[in-house]
Amino acid sequence: MLRANLGDRFMTVVIYTLLIFLAFITLYPFWNSVVISFNSGKDTMMGGITFWPREFTLENYNVVFEDKRIIQGFLITISRTVIGTVVGILATSLFAYGLSRRGLIFRKYYMVLAVVTMYFTGGLIPNFLLIRGLGLMDTFWVMILPVMINVWNMIIFMTFFRSIPAGLEEAAKLDGCGTWSVFFRIVLPLSGPVIATLGLFTAVQHWNEWFLPSIYLNNTDLYPVQTLLRQILNSNIMSEQLANLDSAALTQLSKMQSITTKSLSMATMVVSTLPVMLIYPFVQKYFSKGVMIGSLKE
């Protein structure tokens, strides 16, 4: 067995030190946000909150869960994420399956049109006019349909579908399966890793996206929680937050220490981030296989 020399051990120490440093600067901002969310807002304004709450309190989270707008925002966000992910993966995989068939007429022409959209867009004003012309303004579906197909995900799907042995599909067709049956009963069941990986990417995109609702929605009841969080971060709406609470909650808050916009926004951010962090470990095992699929050549 070869023993590491002094140079190898030195490089090992340097590498681990660098990794620990990178992990720290990556995780500390989120940890500091958690600490601020559990600290009194009045005390936070004095500064100096680093690794632990100085005046521990749960009143920031009380306001988050008592505010009907934020609860409604979470319901909209969950609905949008679930529906958007299912619809997006289904539409993208169907598009990719069609383009993966070499016998498709004008297949290269369709592929060029799809790839062009990755580099060039019509701009915000044409998109706004298109959304308004389609009657999607101020509707729930404006957060789903415009981003239904992701071209990058489609390319990954298409590459994976081409790696499936053609004999499987031919055998299924000999057994009487049509094109739709082959896709739903043969192709999709074999696409578990790529569906899990791209499904998580799509879900995170829907969960975190706030721009579309702020542009196309006037009805605040349809705002997802990320758009509401942006409002909290960019404006002082503490009085509006408290005005939405019932009398019992106001009585309870009057006995507590004051809260601030910063502490409230940190609590909202922590609550909105936790679901994604809890789901990630369950699909992490699919990442190495699912992501590498897109690097394979045709």
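Basis for what follows: all heavy atoms, side chains included, without hydrogens, waters or symmetry-related copies.
Closest non-hydrogen pair, G199 versus T85, comes out as O-CG2, 3.5 Å. Scanning both residues, L228 and R69, for their nearest heavy atoms gives CD1-O, 3.2 Å. Scanning all heavy atoms of the two residues, the minimum distance from A267 to N60 falls at CB-CB, 3.9 Å. Listed here is the closest heavy atom pair of F157 and T92: CD1-CG2, 3.9 Å. Nearest heavy atoms, V225 versus S272: CG1-CB, 4.2 Å. Heavy-atom minimum distance, P213 versus T227: CB-OG1, 3.6 Å.
Here the straight-line distance linking atom CG of N218 with atom OH of Y223 works out to 6.5 Å at 0.5 Å rounding. Atoms CG and CD1, on L124 and I215 in that order, are 5.5 Å from each other to the nearest 0.5 Å. One distance of note links CD1 of I89 with CG of L94; it measures 11.0 Å at 0.5 Å rounding. Rounded to the nearest 0.5 angstrom, M111 CE and L99 CG are separated by 6.5 Å. Atom CE in M137 sits 10.0 Å away from atom CG in L129 (nearest 0.5 Å). How far OG of S100 is from CD1 of I155: 13.0 Å, rounded to the nearest 0.5 Å.
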N/O donor to acceptor pairs below 3.5 angstrom from side-chain atoms of residues 22-29, sequence neighbours left out:
unit_1, atom_1, unit_2, atom_2, d
T26, OG1, L22, O, 2.7
Y28, OH, N32, ND2, 3.4

Ignoring hydrogens and angles, write down the donor-acceptor pairs under 3.5 Å from the side chains of residues 176-195, residues two or more places apart or on other chains.
unit_1, atom_1, unit_2, atom_2, d
S191, OG, V187, O, 2.7

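The cluster map of Ile, Leu, Val, Met, Phe, Trp and Tyr, joined by side-chain heavy atoms under 4.5 Å apart, puts W152 and Y119 in the same cluster. Following chains of ILVMFWY side-chain contacts shorter than 4.5 Å, one cannot reach W141 starting from L75, and the two form parts of different hydrophobic clusters. Both I164 and L104 sit in one connected hydrophobic cluster of ILVMFWY residues. Membership requires side-chain heavy atoms under 4.5 Å apart, directly or through other members. Cluster annotation: V86 is not connected to I156 through the hydrophobic network of ILVMFWY side chains, with a link wherever side-chain heavy atoms come within less than 4.5 Å. Put simply, V13 and M11 are part of two different groups of oily side chains (I, L, V, M, F, W, Y) that touch within less than 4.5 Å, one to the next.
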Open item on the list: Evaluate H206 against Q226 for side chain to side chain contact (heavy atoms under 4.5 Å, CB included), listing each step before the verdict.
Closed with: CA-CA 10 Å; H206 278 288; Q226 301 297 347; over 6 Å; no
Open item on the list: What verdict does the side chain to side chain contact (heavy atoms under 4.5 Å, CB included) test give for L134 and L136, after you've listed the backbone C-alpha separation in whole Å, the side-chain angles of each residue and the deciding distance to 0.1 Å?
Closed with: CA-CA 6 Å; L134 293 174; L136 295 176; 4.1 Å; yes
TODO: Please test Y216 against D138 for side chain to side chain contact (heavy atoms under 4.5 Å, CB included), starting from the C-alpha separation and ending with a verdict.
DONE: CA-CA 6 Å; Y216 301 125; D138 219 23; over 6 Å; no
Open item on the list: Apply side chain to side chain contact (heavy atoms under 4.5 Å, CB included) to residues K68 and Q72 and explain how you reach the verdict.
Closed with: CA-CA 6 Å; K68 296 180 180 179; Q72 176 69 15; over 6 Å; no
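Shown here is L18, whose CG atom has more than 12 heavy atoms of other residues, nucleotides or ligands within 6.0 Å.
With hydrogens and angles disregarded, no donor-acceptor distance shorter than 3.5 Å links the side chain of N39 to the backbone of F56. In this structure a side-chain-to-backbone donor-acceptor pair under 3.5 Å is missing from T57 to S40.
Scored by the ring pair (Phe, Tyr, Trp, His ring centres under 6.0 Å) test, W31 finds W52 as partners (sequence neighbours excluded). Residues satisfying the side chain to side chain donor-acceptor pair (under 3.5 Å) criterion with E209, sequence neighbours excluded, are R80. Residues passing the side chain to side chain donor-acceptor pair (under 3.5 Å) test with N150: none are found, sequence neighbours excluded. Judged as a side chain to side chain contact (heavy atoms under 4.5 Å, CB included), and not counting sequence neighbours, the contacts of R101 are Y97, F161, E169.
Here the two rings, on F38 and Y61, have centers that are under 6.0 Å apart.
For the pair W207/T77, a side-chain contact is recorded, criterion being any heavy-atom separation below 4.5 Å from C-beta on. Here the side chains of T273 and F30 are in contact, with some heavy-atom distance below 4.5 Å.
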